[in-house]
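Heads up: numbering here begins at 1 and tracks the sequence.
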Amino acid sequence: MMAERTYLAFDFGAESGRAILGRLSGGKLTLEEKHRFANPMGKLNGRLQWNLLGQWEQIKQGLRATKGIALDGIGVDTWGVDFGLLDSAGDLIGNPTMYRDPCTNGMIEDVDAIVGDDLYNTTGIQTMPFNTLYQLRSLVKKACPKLNHASKMLLMPDLFNYLLTGIAKAEFSIVSTTQMFDPVNRVWAGELLDRMGIPKSLLPEVIPTGTVLGPLLLAIAAECEIESAPVVATAGHDTASAVVSVPASSKNWCYISSGTWSLMGVELDLPIINAKTRQYNYTNEGGYGGTIRFLKNIMGMWLIQECRRHFIKQGYEHSYAELAQMATDCEPFKVLVDPDYAPFASPGDMPEKIDQYCQETGQTLPTSRGAYIRACVDSLALKYRQTLEGLEDILGYSIDTIHIVGGGTQNELLNQSTANVCKKKVVAGPIEATAIGNILVQAMATGVIANIAEARKVVQNSFPVQHYEPQPSDVDAVYSRFLSYQKAILRD
């Protein structure tokens with residue numbers, strides 16, 4: 001029997017991060033949380049920024065927590081699109097900007113005027129205002145001095161990998177989130193970038209997901225009092241890692257990676273880029289083994305997170321479990337909102353923004369904290385149905401099972417509502433999907449697991465899941481009302 005192998009996964013979300021130790025033995029994986037930390041954004045000179053030095057110190061804390069443990073691999077995954085700029089000496093130029101910063105306001109229209117349909121036809125990426133492309137274009141438009149001094153752009157997991165190893169490369173899955181990459185030819189979309197004035201010299205070499213970059217720098221190992229270990233360019237985009245851990249065995253399934261964002265889609269061998277996918281605004285992002293995550297980004301648990309933050313400011317400090325129970329006690333489908341309503345994307349007073357949506361669509365306002373959470377839960381389930389219908393229309397076949405993975409699986413109300421509204425079987429779990437996928441890619445990169453099918457068998461053997469069957473209810477009328485509110489907002 002193969003000896004136990006031990007891997008360390010750093011999993012950064014937009015709200016918090018963890019260092020998770022994974023022990024792989026006998027076809028089973030066990031997890032141990034070694035370090036957990038907040039990952040707050042902050043304003044500096046009026047800009048929303050990430051605290052890179054703080055994040056780096058948290059990584060070192062996670063490394064220190066493994067003192068005395070021989071690691072077979074280290075991997076980092078993060079959220080998408082954000083980046084740091086390095087100068088010619090390899091030093092960081094300022095803190096990375098946070099994707100919710102308004103610096104990209106107006107950039108969609110600006111880019112569309114330059115490249116038009118060529119952008120989607122080349123990249124196959126869902127247009128979202130915070131994509132890397134729009135962040136860089138805003139720097140170009142403002143003649144930002146940072147660009148004059150920049151030698152290399154590294155997306156967040158690649159930046160952490162660089163700090164760990166001194167090697168500056170771009171991992172496939174995270175690169176695919178930028179709206180600057182051609183997923184058909186698997187190269188940076190250089191001609192488009194030229195037209196937008198974005199310097200191609202900034203762009204690192206793209207490497208496959210699961211590439212062993214090199215050893216942890218000896219100076220960092222010594223500082224953290226651990227032995228050096230291989231650093232793997234795991235599936236750097238957290239959703240790409242999460243999809244690896246989907247415990248699917250049937251053919252016609254889709255996934256929802258449920259966290260701050262909900263990413264709903266399917267795993268394909270090749271991208272789909274055509275008029276219909278552009279109309280639906282679906283995206284083609286990279287996955288392990290060169291696969292394509294054909295999906296749609298949905299605003300996700302951010303709605304609930306922002307409601308909770310507002311309630312805390314008012315003096316009501318509820319746990320997420322308490323909020324879920326409060327929502328369960330409320331009348332279902334009384335208030336419906338589109339989770340992707342543009343004002344919801346920015347931080348601050350989510351209940352007031354929900355009121356604004358209700359006023360614009362002629363709905364009665366929620367009357368309690370639980371009612372606001374219930375509106376978020378019900379509306380997410382309805383958005384999942386809309387996204388599912390688009391997937392089935394594009395793919396030409398019916399989805400049998402929805403696999404929900406990630407932290408959002410703990411919201412049983414949302415899981416059951418999703419099954420009811422979508423009229424599909426829902427399988428929820430594992431919870432720690434991103435860290436699990438991160439670890440499994442490391443195991444495949446180091447030759448311990450042979451392929452993705454074997455990796456998913458490990459998940460099935462190691463982690464429990466919950467099954468939700470659709471319950472009969474009059475959801476079609478509710479869904480029609482949800483769509484009518486969307487249309488009313490669009491008309492306005």
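Each of Leu193, Val81, Thr104, Thr178 was compared with Leu133 under the side chain to side chain contact (heavy atoms under 4.5 Å, CB included) criterion, and only Leu193 meets it. Evaluated for a ring pair (Phe, Tyr, Trp, His ring centres under 6.0 Å) with Phe160, the options Phe12, Trp50, Trp56 yield exactly one hit, Phe12.
Using a 4.5 Å heavy-atom cutoff, the side chains of Met301 and Thr260 are not in contact. Leu164 has its side chain within reach of Ile59: a pair of non-hydrogen atoms, C-beta onward, lies under 4.5 Å apart.
Among residue pairs with one or both ends in residues 102-121, none qualify as ring-ring contact (aromatic ring centres under 6.0 Å, His included); sequence neighbours excluded.
In terms of modelled atom types and a separation under 3.5 Å, the side chain of Asn161 and the main chain of Pro157 share a donor-acceptor contact. Judged purely by atom type and a 3.5 angstrom limit, Asp87 uses its side chain to pair as donor or acceptor with the backbone of Ala89.
Ion pair Arg309/Glu15 flagged as a salt bridge, since at least one NZ, NE, NH1 or NH2 atom sits closer than 4.0 Å to an Asp/Glu carboxylate oxygen. Salt bridge Lys457/Glu454: absent, no basic N to carboxylate O contact under 4.0 Å. Between Arg456 and Glu267, at least one side-chain nitrogen of the basic residue sits less than 4.0 Å from a carboxylate oxygen of the acidic one, meeting the salt-bridge criterion. Checked for salt-bridge contact, Lys169 and Asp158 miss the test: no charged N lies under 4.0 Å from a carboxylate O. Note on Glu306 versus Lys353: no salt bridge recorded, every NZ/NE/NH1/NH2 to OD/OE distance being 4.0 Å or above.
Heavy-atom minimum distance, Ser245 versus Pro430: O-CD, 3.7 Å.
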Could you go through residues 211-220 and list every donor-acceptor pair under 3.5 Å that involves a side-chain atom there, pairing it with any protein atom two or more places apart or in another chain?
unit_1	atom_1	unit_2	atom_2	d
Thr211	OG1	Pro208	O	2.7

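In this view, Tyr255 satisfies the ring-ring contact (aromatic ring centres under 6.0 Å, His included) rule with no residue, not counting sequence neighbours.
Ring geometry for Trp188 against Phe181 counts as perpendicular: the plane angle is over 60°, on a 0 to 90° scale with 30° as the lower cut.
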For this session: For Ile74 and Leu63, run side-chain contact (heavy atoms from CB on, under 4.5 Å): C-alpha distance rounded to whole Å, both residues' side-chain angles, the deciding distance at 0.1 Å, then the answer.
Result: CA-CA 9 Å; Ile74 300 168; Leu63 293 172; 4.0 Å; yes

